[in-house]
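Heads up: the structure comes next, in structure tokens.
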Amino acid sequence: MDSPIFIFEHFFWFSRVQIIRFLWQHKRVYVLEAFSAYHKRRYFFSVVPDYVSTYRQSGTVQTLSLAEGEFQRIYRVAGDTAVEQVERVFPFYRKKISAIVDHLDHALGTSSAETVFKKYLCERLAEFYSANILLNKLSERFAGKHIVFYPDFNIPQYLFLKKLIVAAGVQLVEHPSIHFSISAYLAGVFDNTIRGGKRTVLIIGHCITSTLVSFPLWVYQTIIHQPKKRMYKYGVAIIGAHQLRKNRRGPDFIIDGSLIFPHEVVYLPLARIPRSEVAKLKNISGAVHEYSRRQTLFSRPLQWLLLLCVGGRGFFLHHSREWGIAWRALYHYFLWQDIAQEIQIKHFITHSDFGINHIPRNIALSQAGISTWYYTDSMYIGGNLLGTVPDCRMRHPYWTYLSYDHFVTWDDFIAEFYAQHPSQLKSVHVVGCLWSANIQEKNNSGASLPKIAYFRDQKYFVITAFDSTYAPHGTPSYREGFAFAQHLLQLVKSYPEVAVIIKEKKSRGSEKTFDPVLGKKLLECYERLSAHPRITVYPSSVDGAQLISTSDLVLSIAFTSPTFEALSVNRPAIWHDPMGYYRDTPYATIAGLTTHGLGELEARVRDFLAPKDREYRNPLSIDSPLSDPYRDGKAIERFRALLHRPL
């Protein structure tokens, strides 16, 4: 039998001793290059210990890397497969936790409460398939070799999900040559025990505390403190401080003073707003409802005790995660019941709901007679990348089990993509691109920004370029972001008549953490861009619509929203695919809409610089499902009209 190969993706406190022993025994040791796929459950590289780096530099430990593009394919296939299989696997998962599911259904008064666990299962299945695909790659790489693997995923959880999937009759590729390290398995058991124990202590502590303080709180709420119920028509969610920037994409965008008035709108912060941003929130037109979370935590003792009894049947030992999910769902359900008692609204409006919290929230709102609305604030979805992986529909756990009365989006293509996910979207409304309404006719609207005014005065051809949020081996990756920045620098070198405005999507500071190598290079490249006399770089706080309004051409990395926003009011715009990854995707197949690599970008810009005898012609047909079907910049008006119409 061949000597086993030892592959480390994760390093425990005892890993150094193991590696030294393997090397002393002349075993082959590999370090698997980290990547941000689902089973990592985080967005950045694992920290590789210094001793491992030393071994790698000396060549005694070899680095194992996946092929170019494999990281992105694992991520996409894992998510899509999870969405495909979740309904098939769920009945077998439900049997394991039936008491918890039944209790939640009963407490929320509807059988649809079980979608909380469906969504949670879908996320876990994505982690499983990410790990499983990785094992497939290792089996192919070392065919016929015996492998001992130290993975960066929880082995007991992986094996639990594998049993469910096999029981559901889903075929899986087996890996007889790969064996998980016993020490890594025991570390997973220990991790589950510690985390489960902490979760159990917190929930039991909350239930007991709630019981002790509930009676005086009940007296205060029902006898002493009886505030008058405030009435509004529209409740708008604040999902983060980024909505409070000085632009026209803030939560007050629905207010026009004609159909919807400030006194009809109340803002509901879903996330904690930093103290430095609270003043901005209170200065927005409309009211702010500040609700007490303690009131929900320390009330309803009977409900919390019933949940405690369910956990006492062994679930806090074997399924503490699911027990914790039930606790979370109950908390958000009760929280929004309390809010509905404090204020009266007809419509609740939000976007970017990725987790499970919205399901119990919307059940509570529906039971209170409140209509729920979800609008898409971007067109950057997985469907844009169709064609990059064969037989993969690019679905994502994020978009599963959205439970809303109304879904408002930009075009038919986005609507169809969301419809491919299991969800409960009762009415779908295609209104066009919301943010194109903020783009003005080309003028000196950026004159308040001195560098732009200078570019216009000097008669430069002004290109406004938009980057994106980058991730190691993600979509887009730091490799793509670095190439995009380099191409912008080369563009101004090739064309002296061109000036470039760069709008950063995110604040700087995390690049070196997320990707120590390419992140550092990207920051250095941005410093060179900022130093160029015909380039100016603006931070994320600057209004993108203002920059688009003063430019001759909009350029964004494929396939982000700014290009679509400009095209939706027939402004010259293209997407740029710096690495040439997306040649067969839907938008890339439309002539003149996407460039791949520096050569195509320079050629397309040359076309725009050439003297024109006619007006710009939008390459995206207005009849295409990929297009804003209106292209009139009035999408927000249509959204307001939908909100204002009688229920």
task = Taking all heavy atoms of V500 and all of A465, pick out the closest pair and write down the distance.
result = CG1-CB, 4.3 Å
query = Taking it one step at a time, do F180 and Y185 satisfy ring pair (Phe, Tyr, Trp, His ring centres under 6.0 Å)?
reply = CA-CA 7 Å; F180 295 128; Y185 177 85; 8.5 Å; no
key: F22 and H26 aromatic centres sub-6.0 Å   = no
query = Is it the case that S540 and E504 place a side-chain donor and acceptor less than 3.5 Å from each other?
reply = no
ask   = Under the side-chain contact (heavy atoms from CB on, under 4.5 Å) criterion, do V52 and F8 qualify, and how do the steps go?
value = CA-CA 10 Å; V52 175; F8 287 81; over 6 Å; no
message = Test your reading of the model: is there a side-chain donor-acceptor pair from Q157 to the backbone of N154, 3.5 Å cut-off?
response = no
key: Closest heavy-atom pair and its distance - L555, T563   = C-OG1, 4.3 Å
request  = Please list, chain by chain and in numerical order, all residues satisfying ring-ring contact (aromatic ring centres under 6.0 Å, His included) with F160, sequence neighbours excluded.
outcome  = H319
query = Is there a side-chain contact between S181 and F149 (heavy atoms, below 4.5 Å)?
reply = no
message = Quick test of your reading of the model: are D467 and K505 salt-bridged, counting only N-O distances below 4.0 Å?
response = no
task = State, without any angle test, whether Q424 and T115 hold a side-chain donor-acceptor pair at a distance under 3.5 Å.
result = no
Any side-chain heavy-atom pair of I147 and H179 under 4.5 Å = no
message = Check this for me: does any side-chain nitrogen of one of E114 and K119 sit under 4.0 Å from a carboxylate oxygen of the other?
response = no
ask   = Would you call Y331 and N357 a side-chain contact if the rule is heavy atoms closer than 4.5 Å?
value = no
ask   = Under 6.0 Å from the CD atom of Q25, do we count more than 12 heavy atoms belonging to anything else shown?
value = yes
inquiry  = Nearest 0.5 Å, please: how far is NZ in K163 from CG in L161?
reply    = 11.5 Å
inquiry  = Would you say the rings of Y582 and W575 are close, in the sense that their centroids are separated by under 6.0 Å?
reply    = no
ask   = Do the side chain of D353 and the main chain of L402 share a donor and acceptor less than 3.5 angstrom apart?
value = no
Contacts of E524 that satisfy salt bridge (charged side-chain N to carboxylate O under 4.0 Å, His left out) - sequence neighbours left out = none
ask   = If you measure from CG on L488 to CD1 on I463, what distance do you get to the nearest 0.5 Å?
value = 8.0 Å
inquiry  = Between R88 and G169 (side chain of the first, backbone of the second, donor and acceptor by atom type, cut-off under 3.5 Å), is there such a pair?
reply    = yes
ask   = Is the side chain of H146 donor-acceptor paired with the backbone N or O of I5 at a distance under 3.5 Å, no angle test?
value = no
query = What distance separates I325 CD1 from W327 CH2, expressed to the nearest 0.5 Å?
reply = 11.0 Å
key: Whether Y398 and F354 hold their rings parallel, tilted or perpendicular, with breakpoints at 30° and 60°   = parallel
message = Keeping K118 on the side-chain end and E87 on the backbone end, is there a donor-acceptor pair under 3.5 Å?
response = no
ask   = Tell me, do L172 and F128 make a side-chain contact under 4.5 Å, heavy atoms counted?
value = yes
ask   = What distance separates Y470 OH from T475 OG1, expressed to the nearest 0.5 Å?
value = 12.5 Å
message = Are I590 and L626 packed together at the side-chain level, in the sense that at least one heavy-atom pair is separated by less than 4.5 angstrom?
response = yes
message = My understanding is that only residues two or more places apart in sequence, or in another chain, count here; which of them pass ring-ring contact (aromatic ring centres under 6.0 Å, His included) with Y30?
response = F142
query = Which residues satisfy the side chain to side chain donor-acceptor pair (under 3.5 Å) test with T81, sequence neighbours excluded?
reply = none
request  = Check the pair Q171, I165 against side-chain contact (heavy atoms from CB on, under 4.5 Å), reporting the backbone distance first and the verdict last.
outcome  = CA-CA 8 Å; Q171 291 187 345; I165 293 168; over 6 Å; no
Do any side-chain atoms of residues 131-141 form donor-acceptor pairs under 3.5 angstrom with protein atoms, and if so which ones, sequence neighbours left out?
| from | atom 1 | to | atom 2 | distance (Å) |
| --- | --- | --- | --- | --- |
| N132 | ND2 | Y158 | OH | 2.9 |
| N136 | OD1 | H175 | NE2 | 2.4 |
| K137 | NZ | E70 | OE1 | 2.7 |
| S139 | OG | L135 | O | 3.1 |
| R141 | NH1 | S65 | O | 3.2 |

inquiry  = Looking at R604 and T595, would you say the former's side chain and the latter's main chain have a donor-acceptor pair under 3.5 Å?
reply    = no
query = Rounded to the nearest 0.5 Å, what separation is found between the OG atom of S98 and the OH atom of Y93?
reply = 12.0 Å
inquiry  = Once rounded to the nearest 0.5 Å, what's the spacing between atom OH of Y150 and atom CD of Q18?
reply    = 4.0 Å
query = Looking at P156 and N192, what are the two nearest heavy atoms and their distance?
reply = CB-ND2, 3.7 Å
ask   = Which heavy-atom pair separates Y129 from A82 by the least distance, and what is that distance?
value = CD1-N, 4.1 Å
request  = Check H10 against S15 and note the closest heavy-atom contact, atom names and distance.
outcome  = O-OG, 4.3 Å
key: Contact check, side chains of E602 and L491, non-hydrogen atoms, under 4.5 Å   = yes
request  = Determine yes or no for a side-chain-to-main-chain donor-acceptor pair under 3.5 angstrom, with H532 supplying the side chain and R528 the backbone.
outcome  = no
ask   = For M394, does its backbone N or O pair with a side-chain atom of D80 as donor and acceptor, under 3.5 Å?
value = yes
ask   = So which heavy atom on I414 is nearest to which on S378, and how close?
value = CD1-O, 4.2 Å
message = Less than 4.5 Å apart, side chain to side chain, heavy atoms only: is that true for I155 and L159?
response = yes
task = Would you mind listing every salt bridge (charged side-chain N to carboxylate O under 4.0 Å, His left out) that reaches into residues 23-32, with sequence neighbours excluded?
result = none
inquiry  = Tell me if the OH atom of Y51 is crowded by more than 12 foreign heavy atoms within 6.0 Å.
reply    = yes
query = Quick one: does W323's side chain have a donor or acceptor within less than 3.5 Å of a partner on L307's backbone?
reply = yes
query = Do the charged groups of R94 and E322 touch, with an N to O distance under 4.0 Å?
reply = no
ask   = Going by distance alone, is a donor N or O of one side chain under 3.5 Å from an acceptor N or O of the other, for R73 and T388?
value = no
query = Would you find a donor on one side and an acceptor on the other, under 3.5 Å apart, between the side chain of H358 and the backbone of S403?
reply = yes
